[in-house]
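Every heavy atom of this structure was used, including side-chain atoms; hydrogens, water molecules and symmetry mates were not.
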Amino acid sequence: MGRRGPAPKPTELKRLQGTVRADRDSTIGDAFDDTMPYCPSYLSDEAKLEWRRVAKHLHQVGILKYVDRAVMAAYVDAYGRFIQILAAMDGQPFTYETDKGYVYPNPLIKQLEAAKGEMLRFMRELGLTPSSRARIVVKDGGKAEELNLAEALFEAVHGGR
């Protein structure tokens with residue numbers, strides 16, 4: 001049986017939120033190449049557009065590293081499929097009725113919901129939802145600064161520097 005509970009929050013997101021703790025959080029992310037990953041050529045046009053729109057922002061704040069290429073590709077692929085299914089549904093009914101009177105949903109709706117669910121899961125992983133982004137505090141032009149214990153306590157008591 002796998003691990004229970006929610007997936008752990010990435011250390012880089014914790015840094016941006018100011019909640020990283022050296023005694024609990026991994027620093028393995030610091031060992032990875034900080035180069036901006038390139039967009040895979042196999043993605044659809046819609047997915048490539050989303051990559052160009054989002055990747056540079058995630059890289060600027062330190063969330064997207066070179067090794068995260070597959071996660072980002074999976075997100076933009078789900079986004080691309082979501083857009084393609086929406087386009088395919090344009091003008092189609094949400095339900096169909098058989099000659100015997102049975103009503104069933106358009107099969108594209110199930111595919112749309114699956115793509116949307118997959119896309120939203122990756123968005124939460126990458127900090128792209130409003131709720132996950134609301135918890136991030138970016139300092140000094142995009143990179144979060146780490147606080148030592150004394151600074152963190154001072155901020156907690158005095159509400160800032």
Side-chain angles (χ1 to χ4, degrees), residues 2-3 5-91 108-152 154-156 159-161:
R3 299 180 86 179
K9 188 180 294 183
T11 304
E12 200 56 44
L13 281 178
K14 288 182 181 182
R15 275 196 189 111
L16 293 173
Q17 295 168 351
T19 60
V20 70
R21 288 184 49 179
D23 62 326
R24 289 188 181 176
D25 296 314
S26 171
T27 58
I28 190 72
D30 298 337
F32 290 112
D33 183 2
D34 197 32
T35 305
M36 169 88 159
Y38 59 91
C39 182
S41 60
Y42 58 81
L43 294 171
S44 68
D45 290 340
E46 291 86 2
K48 288 177 184 176
L49 284 172
E50 182 69 356
W51 181 289
R52 284 191 287 277
R53 186 182 73 83
V54 174
K56 65 183 173 190
H57 298 292
L58 290 176
H59 185 258
Q60 284 174 347
V61 296
I63 293 174
L64 187 64
K65 296 192 183 267
Y66 190 76
V67 296
D68 301 322
R69 179 176 177 249
V71 173
M72 184 68 178
Y75 158 64
V76 298
D77 178 60
Y79 174 83
R81 281 185 284 120
F82 178 77
I83 297 300
Q84 289 172 342
I85 296 167
L86 276 177
M89 284 191 64
D90 191 30
L108 289 175
I109 291 176
K110 187 172 184 176
Q111 293 176 22
L112 182 71
E113 291 299 317
K116 182 171 58 173
E118 186 178 343
M119 181 178 68
L120 288 171
R121 279 192 301 279
F122 285 115
M123 289 174 77
R124 283 190 293 270
E125 287 287 325
L126 294 167
L128 291 174
T129 63
S131 62
S132 65
R133 196 171 49 251
R135 294 185 292 266
I136 298 173
V137 177
V138 178
K139 301 177 184 177
D140 293 336
K143 294 287 183 179
E145 59 183 49
E146 291 186 56
L147 303 177
N148 66 30
L149 181 58
E151 290 171 326
F154 183 84
E155 279 197 7
R161 294 183 184 199

- Query: Between the main-chain N or O of Tyr66 and the side-chain N or O of His59, is there a donor-acceptor pair closer than 3.5 Å?
  - Reply: no
- Task: Quick one: closest heavy-atom pair of Gly80 and Glu46, and the distance?
- Result: CA-CB, 3.9 Å
- Do Leu58 and Leu128 come within less than 4.5 Å of each other through their side chains, counting heavy atoms only? yes
- Task: Quick one: closest heavy-atom pair of Cys39 and Lys48, and the distance?
- Result: SG-CG, 3.8 Å
- Note on the structure: Scanning both residues in full, the closest heavy-atom pair of Gln84 with Ser44 reads NE2-CB, 3.5 Å
- Value for CD1 (Ile109) from CD1 (Ile85), rounded to nearest 0.5 Å, stands at 11.0 Å
- Test item: side-chain donor near acceptor, Tyr75 and Glu125, under 3.5 Å: no
- Of all residues at least two apart in sequence or in a different chain, which pass the side chain to side chain contact (heavy atoms under 4.5 Å, CB included) check with Leu49? Arg52
- Query: Could you go step by step and tell me if Phe82 and Leu112 meet the side-chain contact (heavy atoms from CB on, under 4.5 Å) rule?
  - Reply: CA-CA 6 Å; Phe82 178 77; Leu112 182 71; 3.5 Å; yes
- Is the shortest heavy-atom distance from the side chain of Val71 to the side chain of Leu126 under 4.5 Å? yes
- Can you tell me how far the OG1 atom of Thr35 sits from the NZ atom of Lys65, to the nearest 0.5 Å? 9.5 Å
- Message: Let me confirm one number: the CG-CZ distance from Leu120 to Arg124, rounded to the nearest 0.5 Å.
- Response: 6.0 Å
- Message: So Ile63 and His57, do their side chains get closer than 4.5 Å, heavy atoms only?
- Response: no
- Identify, with sequence neighbours excluded, every residue that meets side chain to side chain contact (heavy atoms under 4.5 Å, CB included) alongside Ala55. Met36, Trp51, Leu64, Met72
- Mind checking the OH-NZ spacing from Tyr79 to Lys116? Nearest 0.5 Å is all I need. 14.0 Å
